[in-house]
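On a predicted model such as this, the values are computed, not experimentally measured, just so you know. Proteins come first, then strands; the chains are lettered A, B, ... in the order of their sequence lines, and each starts at number 1.
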Protein chains: 2
Amino acid sequence: MKKKLTLKTIAKHFNVSIATISKALKNSYDISEERRKEVQKFAKENGYKPNIFALGLKRNKTNTIGLILPNILNLYFAKVFSGVEKIANEHGYNVVICISNDNYQKEVDATNMFVNGTVDGFIVSLAEETQKLQNYSHFKNAIKQDVGLVMIDRVTDEVNCDKVIVNDAKAAYDATEYFISNQRKNIALVSIISHTSVGKLRIQGYKKALENNNILVDENLIIRVGKNDDLETLLKVVLGSRKVDALLCLEETATISTLEILKKLHYKIPENISLIGFTNGELLQHVTPKVTSVSQHGVFMGEQAMRFLAAKLKEIEEDKVSSSKTKIVKTTILERESTIKL
Amino acid sequence: MKKKLTLKTIAKHFNVSIATISKALKNSYDISEERRKEVQKFAKENGYKPNIFALGLKRNKTNTIGLILPNILNLYFAKVFSGVEKIANEHGYNVVICISNDNYQKEVDATNMFVNGTVDGFIVSLAEETQKLQNYSHFKNAIKQDVGLVMIDRVTDEVNCDKVIVNDAKAAYDATEYFISNQRKNIALVSIISHTSVGKLRIQGYKKALENNNILVDENLIIRVGKNDDLETLLKVVLGSRKVDALLCLEETATISTLEILKKLHYKIPENISLIGFTNGELLQHVTPKVTSVSQHGVFMGEQAMRFLAAKLKEIEEDKVSSSKTKIVKTTILERESTIKL
DNA sequence: CTGAAAGCGCTAACAC
DNA sequence: GTGTTAGCGCTTTCAG
């Protein structure tokens, strides 16, 4: 292990004190120009880098923020990350990222690590398991310790912090109304995320739209796919037992699977059945037929979350913490080939 | 800014010395059991966390590794990240990630930051611009400073470090031979990544396969799409001017675009034209027809890279650095509907 | 069993 | 202009 260049070694080399070197490197007017030049030259040539721990110990600030995401292979979260990273960089923050894999314990571990002082603050999108367990004490603890916290997309009311969310209920409401305005009344729903806050809100929105249009909610039309369920079987049961002329899928991969099953069963899309899917990615625009989708703006949400966090960190530093803000980001319905105005 | 609990404050509370507290918390036999218990209880209740900088200053080890990726919205790189993160965690490392956006300067900045002591070592997949510029001094410098470095996928011979790569030439060679064995002889190629090491190797492999089968390489069949070029126009020119019965696309999005253009022009796939695409993601298996693809194993590559890095860091620590290793990961051709044995 | 003290690398107030 | 010194929070050696 080669030992690193420190102020001390440089000082020895020039036979002056450490302080002189420190000042020379900072271009302090205390030091003669000549000396400054030679010291800076030497430091540069030998690749002097100030020790980051020593700096941190002094400043007590990491200039790093954390990010806990349930999954990074999902393009939506990749987009969120991308937005966070961009703004973090603009503010001079590095990003440490942890993947919870929708696992409660991994989320707790990551949070504890962050609270350790590894980061100044962090952004989190809750793990599915955490939302099932409804145990949020790790986050409450983080806030108590004056670590900045922002939640994004999968959030909870139980923790008092800034949040960036999609108006999921509204998005599902709009999609459902879109069907209704096209004379579709027998609207089924497919969800593989009924456990998440997001999934629940979307189902709420769907039901509300039906109710507001005097259509009875039929719980049998709500297909909740669990980890061990086979979507094809469930779909066949529903399609075989009642009339369905529209299908709202709450999440991208389920949309793709549903589409493939419908095609296999020789349903005509959109003639027999219309399809709208929530999406994170680009899949829905490339399949045949291209699927009308409710699209979220992941990058923008990540940016917004990081802006919140940067602002919060400033507040914490200046000791004037304000109340929590929530930003609701709108979704957009992109009309494609899987729906048609009758 | 609430001030944090330190050994000092705890010591004051118990009216003992800092050293006593430090030892008590570490369960040293120096300290009476009674005292240990009460100190630990107090620390836990008040959420004592050792200051990470002070620890770092002592140990001079960050337990963090860096990762520089050209882009995270590309599922391939997301997979690489995912593999790195997994193994990093297993070894007790955190991951700081920077996105270069294929930009040389961003890559240099990230590298310099890492060399600053932010991380013990880092993994990088080169930015496209860096490969064009062929300027790798930032990495050479990193190695000189005893920071561990592993390159993955987009690498260069100019830097002497561990590498994890795909045998890109071989993969393209195999794909081309696959066409030839199916009686396709007029094989065109579409590349939007001709500037990257990866793109060049794939073109080499393609040419080699043609040569080994006594097929003349026709440079006009190699469609190199630049940033400002329109793929559709270029494709039409080639398809209009010569016979083409197979198309090898070097990258996923180009594959999708090519497929859509071919469909628009009423080519029958695979009857008139066979199609094979390199892929990072899942797109190719969901389009119609499903596209035969050369798939890479991103997660595995990330895992391998992190294993290399962990090993290298251990070597550096123990001062017995060995020579550099390169791991070549095989690709797989997944046969789907866009190719057919004649 | 407990404490004093040195030192990790750096900054900054103050002295010379 | 330059140097001395204290201190950031912690570990560790050594003395008592």
Side-chain angles (χ1 to χ4, degrees), chain A residues 1-40 42-43 46-63 115-120 145-147 317, chain B residues 1-40 42-43 46-63 115-120 145-147 317:
Chain A
M1 188 83 180
K2 198 167 64 185
K3 79 163 186 268
K4 274 198 65 173
L5 201 58
T6 68
L7 290 187
K8 200 187 206 172
T9 41
I10 303 183
K12 213 177 293 167
H13 175 261
F14 283 101
N15 249 312
V16 293
S17 80
I18 296 176
T20 305
I21 302 295
S22 173
K23 287 177 188 161
L25 288 175
K26 307 201 96 90
N27 242 325
S28 158
Y29 287 116
D30 271 5
I31 310 295
S32 70
E33 170 143 12
E34 191 188 10
R35 175 130 283 174
R36 270 184 280 163
K37 284 274 171 302
E38 61 178 7
V39 170
Q40 287 173 17
F42 180 85
N46 294 75
Y48 168 76
K49 312 274 173 184
N51 180 305
I52 201 158
F53 293 119
L55 289 180
L57 193 51
K58 272 278 172 216
R59 297 210 234 295
N60 214 38
K61 194 160 175 302
T62 65
N63 276 320
V115 176
N116 262 331
T118 316
V119 302
D120 297 335
Q145 307 269 330
D146 251 341
V147 176
E317 204 169 353
Chain B
M1 188 82 180
K2 197 166 64 187
K3 80 161 184 271
K4 274 197 64 172
L5 201 58
T6 68
L7 289 187
K8 201 188 206 171
T9 40
I10 303 183
K12 213 177 293 167
H13 176 262
F14 283 100
N15 249 314
V16 293
S17 79
I18 296 176
T20 305
I21 302 296
S22 172
K23 287 177 189 162
L25 289 174
K26 307 202 94 90
N27 244 324
S28 160
Y29 288 117
D30 270 5
I31 310 294
S32 71
E33 171 143 11
E34 190 188 10
R35 176 130 285 173
R36 269 185 279 164
K37 283 274 174 298
E38 61 177 6
V39 170
Q40 285 173 16
F42 181 85
N46 294 75
Y48 168 76
K49 313 274 171 184
N51 180 306
I52 202 158
F53 292 119
L55 290 181
L57 194 50
K58 272 279 174 218
R59 298 211 232 295
N60 215 37
K61 193 157 175 302
T62 65
N63 276 322
V115 176
N116 262 332
T118 316
V119 302
D120 296 337
Q145 306 269 328
D146 252 340
V147 176
E317 205 170 350

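Contact annotation: Thr20(B) does not reach the phosphate of dT2(C) (side-chain N/O to OP1 or OP2, under 4.0 Å).
Note that OG1 of Thr6(B) is 9.0 Å distant from CG of Asn51(B), once rounded to the nearest 0.5 Å.
You'll find a donor-acceptor pair under 3.5 Å spanning the side chain of Lys58(B) and the base of dG7(C), going by distance alone. Residue Lys23(A) places no side-chain atom within donor-acceptor reach of the base of dG1(D), judged by atom type and a 3.5 Å distance cut-off alone.
Of all nucleotides listed (dG3(C), dG3(D), dG1(D)), dG3(C) comes nearest to the side chain of Val16(B). Considering only side-chain atoms of Asn51(B), the nucleotide from dG9(D), dT12(D), dC10(C) that sits closest is dG9(D). Minimum atom distance to the side chain of Arg35(B) is reached by dT2(C), of the listed dT11(D), dT2(D), dT2(C).
Nearer the 5' end of DNA chain C, as judged by each residue's closest nucleotide, is the contact made by Ile31(B), out of Ile31(B) and Phe53(A). Position along DNA chain D of the nearest nucleotide to Pro50(B) versus Asn15(A) favours Asn15(A) as the more 5'-ward residue. The nearest heavy atom of DNA chain C to Ala19(B) and to Thr6(A) marks one nucleotide each, and the one closer to the 5' end goes with Ala19(B).
Aromatic rings of Phe42(B) and Tyr48(B) (six-membered ring for Trp) have centroids beyond the 6.0 Å cut-off, not under it.
Of the N and O atoms on the side chains of Asn63(B) and Lys61(B), at least one donor lies less than 3.5 Å from an acceptor on the other residue.
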